[in-house]
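Presented below is the structure to which this report refers.
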Amino acid sequence: MLKVGIVGIGFMGMIHYLAYQRIENVKVVALCESFFKERLSGDWTKIKGNFGPQGTQMDLTGVATYEKLDDMLADPNVDVVDICLPPAAHAANTIAALNAGKNVFCEKPISLKAEEGVAMVEAAKKNGKLLMIGHVLPFFDAFNYIYQAKIDGRFGKCLGGQFTRVISDPVWLNLDKFYSMEGSGGPMLDLHVHDAHFIRTMFGMPKAVRTQGRLRGEAPQYFNSQFIYNDSDLVVTATSGCILQQGRPFTFSYEVHFEKATIYRLLQPSPRHGSP
Ligand SMILES: NC(=O)c1ccc[n+]([C@@H]2O[C@H](COP(=O)([O-])OP(=O)(O)OC[C@H]3O[C@@H](n4cnc5c(N)ncnc54)[C@H](O)[C@@H]3O)[C@@H](O)[C@H]2O)c1
């Protein structure tokens, strides 16, 4: 039995908790939340995000609860620490958990600063522990399908494609923080990072990336990126960002071109509770 402690009981902390209930041989044994302390006694009613259910009253019987990560790290019952904190808090808390001898699953983006991401990987190596980042697309059937088709060549050579990920302004969050490069990094680090990760996985490391878009304050708000490869037949682009109208639902899509097939998918997560 793998015993998990979740840090940060916000939107993703809740989604992960619910997902673990459906996995055999995994048990959530501990929760840590420093700011919304009512969540440690099960009141998750104010939790919301860009998809999925509204939070509800939870029965946390048998789950240890902590206000400080250090106290959870001292709990020998916890094997894996699942970091569901805002991106600015990923590096310090991941490194603390790895140094305490725990394996770590950390939500994306790995960090807001490249040097912090490198330090997290170094800490995993130094402690001989696993570090996994929550890049989910390779695990979605729709994305796994095009990845496999490229690998086995069933439709001939893959010629690239276009990926999109667009959302309405996330008004349920603190927008100043969301669009701050020190807070969440805006839609580039929150949304675009998913497609950048998948493109890197499917097509390899590009030799350059060129992005053009409009800023909101210091953070890119809506933008197109071109991933440039040595093979000039390979044309790979991605669009991400936030649209101001609240009626715009969160959607993501791809159109991937092979010599003998074009594969198009438009996906929409189950709508946010109460969304217009
Ligand atoms: N993989 C995905 O598809 C996906 C989707 C949405 C969000 N995310 C990622 O999940 C992470 C969390 O996002 P969210 O939407 O759940 O944020 P959130 O603000 O809803 O939740 C974060 C929680 O962490 C708590 N917290 C902050 N600092 C803390 C600390 N030092 N110790 C303990 N608790 C602390 C906050 O009080 C809050 O409850 C982000 O990195 C985000 O990018 C991933």
Side-chain angles (χ1 to χ4, degrees), residues 5-19 30-55 58 64-73 75 78 81-97 100 104-113 116-117 120 131-140 142-143 165 167 170-198 219 240 242 250-252 267-270 272-273:
I6 302 176
V7 195
I9 310 306
F11 172 52
M12 267 298 116
M14 173 179 80
I15 295 288
H16 286 202
Y17 180 88
L18 297 174
L31 297 173
C32 174
E33 166 63 45
S34 298
F35 298 102
F36 296 97
K37 299 195 178 144
E38 73 279 7
R39 294 179 185 174
L40 295 176
S41 50
D43 180 358
W44 292 8
T45 51
K46 294 211 168 67
I47 298 179
K48 54 177 152 179
N50 55 5
F51 60 86
Q54 172 81 29
M58 305 295 291
T65 55
Y66 300 99
E67 291 180 13
K68 291 193 180 131
L69 178 64
D70 283 350
D71 294 334
M72 193 172 96
L73 295 181
D75 182 343
V78 173
V81 173
D82 180 347
I83 309 257
C84 292
L85 298 172
H90 287 183
N93 289 284
T94 294
I95 292 170
V104 174
F105 180 97
C106 176
E107 261 303 346
K108 47 53 65 173
I110 184 167
S111 179
L112 297 177
K113 296 181 180 143
E116 286 184 350
M120 290 161 74
L131 169 62
M132 186 170 178
I133 304 299
H135 285 295
V136 287
L137 294 191
F139 301 99
F140 281 35
F143 284 83
R165 185 168 303 272
I167 190 174
V171 289
W172 59 95
L173 300 178
N174 176 332
L175 288 180
D176 289 339
K177 232 184 211 177
F178 179 72
Y179 283 103
S180 139
M181 295 312 286
E182 299 293 321
S184 291
M188 184 163 282
L189 287 162
D190 190 60
L191 297 173
H192 203 46
V193 70
H194 281 295
D195 294 304
H197 173 261
F198 186 75
S240 279
C242 294
F250 174 27
T251 60
F252 53 105
L267 297 121
Q268 183 177 355
S270 56
R272 172 164 46 102
H273 175 87

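What you are looking at is a predicted structure, and each value in this text was computed from that prediction instead of being measured. Start at 1 and go down the list; that is how both ligands and their atoms are numbered.
Put simply, part of Cys84 is less than 4.0 Å from ligand 1, judged by heavy atoms.
Other residues, nucleotides and ligands place more than 12 heavy atoms under 6.0 Å from the CD atom of Glu38. Atom NZ of Lys113 has 12 or fewer neighbouring heavy atoms from other residues, nucleotides or ligands inside a 6.0 Å radius.
The distance from ligand 1 to the heavy atoms of His90 drops below 4.0 Å at these ligand atoms: 41 (O). Within ligand 1, counting atoms from 1 as listed, the ones closer than 4.0 Å to a heavy atom of Gly134 are 1 (N). Here is the list of ligand 1 atoms found below 4.0 Å of a heavy atom in His194: 1 (N), 2 (C), 3 (O). Close approach to Asp190 involves these atoms of ligand 1, each under 4.0 Å from a residue heavy atom: 43 (O). Listed by number with element, the atoms of ligand 1 under 4.0 angstrom from any heavy atom of Phe36 are 37 (O), 39 (O). The distance from ligand 1 to the heavy atoms of Pro86 drops below 4.0 Å at these ligand atoms: 22 (C), 24 (O), 27 (C).
Of the options Arg39, Lys108, Glu107, the smallest heavy-atom separation from atom 42 (C) of ligand 1 is shown by Lys108. Here atom 26 (N) of ligand 1 lies nearest to Leu85 when heavy atoms of Ile6, Ile47, Leu85 are compared.
There is a protein heavy atom less than 4.0 angstrom from atom 8 (N) of ligand 1. In this structure, atom 17 (O) of ligand 1 has no protein heavy-atom contact shorter than 4.0 Å.
For Glu33, there are no side chain to side chain donor-acceptor pair (under 3.5 Å) partners at least two apart in sequence or on another chain. For Leu189, the side chain to side chain contact (heavy atoms under 4.5 Å, CB included) criterion is met by Pro109, Leu112, Met181, not counting sequence neighbours.
Ring pair Tyr17/Trp44: centre-to-centre distance below 6.0 Å. A distance below 6.0 Å separates the ring centres of Phe105 and His16.
For the pair His90 (side chain) and Glu107 (backbone), a donor-acceptor distance under 3.5 Å is present. Between the side chain of Lys48 and the backbone N or O of Phe11 there is no donor-acceptor pair closer than 3.5 Å.
Scanning the protein heavy atoms around atom 24 (O) of ligand 1, the nearest turns out to be Gly8 CA, 3.4 Å.
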